Amino acid sequence: MIQWVELSVFVVLFLVVTVMGFIASRWQRGGGLDHLDEWGLGGRKFGSWITWFLVGGDLYTAYTFVAVPALMFGAGAMGFFALPYTVILYPIVFLPVLRLWSVSRVHGYVTPADFVRGRYGSSLLAFLVAVTGIVATMPYIALQLVGLEAVLRTMGLNGTGIAGHLPLLVAFVILAVYTYQSGLRAPALIAFVKDILIYLVILVAVIYLPAKFGGWSDIFGAASDKLAQPSPATGKPAGSILLTGNNQLQYITLALGSALALFLYPHSLTGVLASRGRDVLKRNMVALPAYSLLLGLLALLGYVAIAAGSKPITNNATGRPDTNTIIPVLFDGQFPDWFAGVAFAAIGIGALVPAAIMSIAAANLWTRNIYKEYIHRSATPSQEARQAKLASLVVKFGAVAFVLFVDPQFSIDLQLIGGVIILQTLPAVAIALYTRWLHRWALVAGWLVGMAYGMYLLYLIPNPATGRAHFGGSALTLDKLTVFGWHPFAGSQVQIYVGFVALILNLVVAVVVSAVLHAMKVGNGADATQGPDYHADEHSKRLKPVADVLTH
Amino acid sequence: MRASEAGSWRKAEAQADRRRSNRGVMAAHEGRSGFRWSPWNLLLLVPLLMLVTPWFNSTDPVVFGMPFFYWSQFLWVPVGVVCVLVVYLRTKGDGEYAPDVDDRVDDLDEGARR
């Protein structure tokens, strides 16, 4: 059954942002778009408001808005990790992000891998960081499509086979074309619409819905009862509204690990590097938690869905119920059609903004750290921009192909792996902002070990609820933790976040190998940066002019 | 470079220096990595206390029907904001050659102003 009213509202709002996406190429235009500073970073001059909407639209994606309540719906209190994650995020990244902005602005760096290249003079290390970034970002883009599709299917566009994916394909072709044309300015402009709609919808939802279901007391009661029922697959309760002795450590390490990882993702740094100055970033670190509040309230809607008795829709392409449809289903059942349409548009547009920024970030990495480094060393800035535009198309259609031809579950698994692997670039990117004591070869070694160990641990995790033997989640029971066959915590059922374990091992290897290499006096490459570069602010004469000819 | 521009830069630099010394940002032991330290930065550690889950992993006291676990974590949002805000205000102008332009909250079309 196609919901015509909802679909009409959705289509109208979608058309509005499409027009905005095309107009964006003329918005605040500095020079031509044939330079990465312009196409890929919007001219590096976004102020506080634009940055707030852009970074907010970038970090709090449609998938987040769909998946976090779905996690609460399925597992209870564990899903609430999203709140501590986004609260500790800004205090943690406040200082390093400022340093990265300054040094990138002085040297004209466009990607985090550019910085690593300059800091260590090592194109190999930069290559590893770039590849990690691209691999971690790709499934993230695919997940935005999953979020968008959840909405489209709830509105009744739930066909079978490839035809069932057609609406998604149409939406994405439009996105690809205007991102190609307008670059980062398109998502920056659209983010205004997205965030205003999201705020509107969620504020209405959290005020209206709890009252409708007898207040929070009844909602938590219903959630508690439902989560305590034994799941048919495992015979154990699905979750609880409080943390248990076994998942507290997972809650803590997942929140901390996610906070450490977020600004290592290339798309987050794209938003940061596009801003005008240090004060713009500082103000944003103060103001961005407004979204965290929203995310916490939204998470609770997962419990509201339990109280409302919402049932996830079966995805006709895969034949399985998709818990990610739980929030769309809740809105569909509880709101008048026109408002549900607005809500769906908010989620749909909320998928387009991060998808655009992520594809731009991945394209920048490809162009700067692989194409220019290994394929066409003498590329001019305009050739770079052209390459990046093409790469953004390839990245987006790669993501569509993923959703079309591969089980969406695979994207979810890959995104899980993405969080673990992006964390492994922390020593090379974040710690290198402060010190060069970690040796470049030690960083390579730490990256390799952290990566391999993280993947191995993920492989060990089963998911009894879905009947999968491997890659069943990111929560590792300490019982399974092995170091060359030795189980240091045998028998323990306490869970921990895999990415965190892998990062610790990565750091240990990096420190030990660095100590050895320093003792052996192995060369540590040339550092192109200087102390004061890390504090340069707007108007400093250290800054490289925007859209200047880029050199390494 | 025009002479007037150089002049305004020197002025901005002097102002930034004054601001730095006023706010106790120490640039004294600046090494090769340009590390700078302000004691205010320690405030950024406070929100990490939120990670001590045993403090709030309980149902009681319930407020507006919401268990303690949930509403207490919402309270950490303003705590985080205040900590970052204080650090921002106390380290304003710690950047090199901070602009001597006005510090007003910028408007939507600020990009066009430049």
Side-chain angles (χ1 to χ4, degrees), chain A residues 28 43 45-50 77 80 83-84 87-88 90-92 94-95 98-99 102 210 215-220 241-243 248 251-252 255-256 276-280 282-283 285-287 289 292-293 296 300 433-436 527 530-542, chain B residues 1 6 8-9 12 16 27 30-36 41 43-48 50-54 57-59 62 64-67 69-70 73-74 76-81 83-85 87-88 91-101 103 105-112 114:
Chain A
Q28 294 194 5
K45 62 178 181 193
F46 290 157
S48 301
W49 281 100
I50 301 170
F80 212 59
L83 188 64
V87 169
I88 62 173
Y90 302 104
I92 289 178
F94 186 81
L95 297 171
L98 292 173
R99 289 176 71 87
S102 290
W216 286 112
S217 170
D218 286 13
I219 289 167
F220 278 99
I241 62 163
L242 289 182
L243 295 174
Q248 290 204 30
Y251 189 85
I252 297 166
L256 183 59
R276 198 188 62 201
R278 291 167 66 98
D279 265 6
V280 167
K282 289 181 183 176
R283 278 186 212 134
M285 295 290 161
V286 177
S292 310
L293 211 52
L300 293 180
L433 284 169
Y434 287 92
T435 171
R436 256 167 56 89
D527 184 1
Q530 293 175 317
D533 295 351
Y534 294 87
H535 301 279
D537 204 347
E538 50 186 319
H539 306 303
S540 162
K541 56 188 169 210
R542 285 187 162 270
Chain B
M1 184 195 305
S8 80
W9 262 320
E30 204 175 294
R32 184 157 164 61
S33 297
F35 186 70
R36 282 201 196 139
N41 293 346
L43 270 183
L44 296 175
L45 295 175
V46 172
L48 290 179
M50 186 187 183
L51 293 176
V52 189
T53 50
N57 189 29
S58 68
T59 311
V62 175
F64 299 123
M66 221 184 259
F69 178 77
Y70 296 90
Q73 293 194 72
F74 275 112
W76 280 98
V77 177
V79 172
V81 169
C83 290
V84 175
L85 179 68
V87 176
Y88 161 49
T91 61
K92 234 176 174 176
D94 63 344
E96 212 65 53
Y97 309 141
D100 54 350
V101 292
D103 276 344
V105 174
D106 37 15
D107 38 340
L108 288 178
D109 55 359
E110 61 186 327
R114 310 185 60 214

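Lettering of chains follows the sequences in order, A, B, ..., and the numbering in each one begins at 1. Keep in mind that what you see is a predicted model, and the values were worked out from it rather than measured.
Taking the six-membered ring for Trp and the full ring otherwise, A:Phe220 and B:Phe64 have centroids separated by 6.0 Å or more.
Nearest approach of A:Ile88 to B:Pro47, heavy atoms of both residues: CG2-O, 3.6 Å. The shortest heavy-atom contact between B:Met50 and A:Leu83 is CE-C, 4.3 Å.
Interface summary for chain B: among A:Val87, A:Leu243, A:Ile219, A:Leu98, the most heavy-atom pairs under 4.5 angstrom belong to A:Leu243. Top candidate by heavy-atom pairs under 4.5 Å with chain A, chosen from B:Val84, B:Asn57, B:Val77, is B:Asn57.
Within the 4.5 Å cutoff, the side chain of B:Leu44 has no heavy atoms near those of the A:Tyr90 side chain. Proximity of A:Lys282 to B:Thr91: side-chain heavy atoms (C-beta onward) are separated by under 4.5 Å at one or more points.
The CG atom of A:Leu256 sits 6.0 Å away from the CG atom of B:Leu51 when rounded to the nearest 0.5 Å.
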Residues B:Phe69, A:Ile241; criterion side chain to side chain contact (heavy atoms under 4.5 Å, CB included); working and verdict
CA-CA 9 Å; B:Phe69 178 77; A:Ile241 62 163; over 6 Å; no

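Residue B:Pro54 touches chain A through both its backbone and its side chain, counting heavy-atom pairs closer than 4.5 Å. In this structure, chain B has a heavy atom under 4.5 Å from the side chain of A:Ile92, while its backbone stays farther away. Only the backbone of B:Ser58 comes within contact range of chain A, with at least one heavy atom under 4.5 Å from a heavy atom of that chain. In this structure, chain B has heavy atoms under 4.5 Å from both the backbone and the side chain of A:Ala77.
Using cut-offs of 30° and 60° on the angle between ring planes, the pair A:Phe80 and B:Tyr70 is perpendicular.
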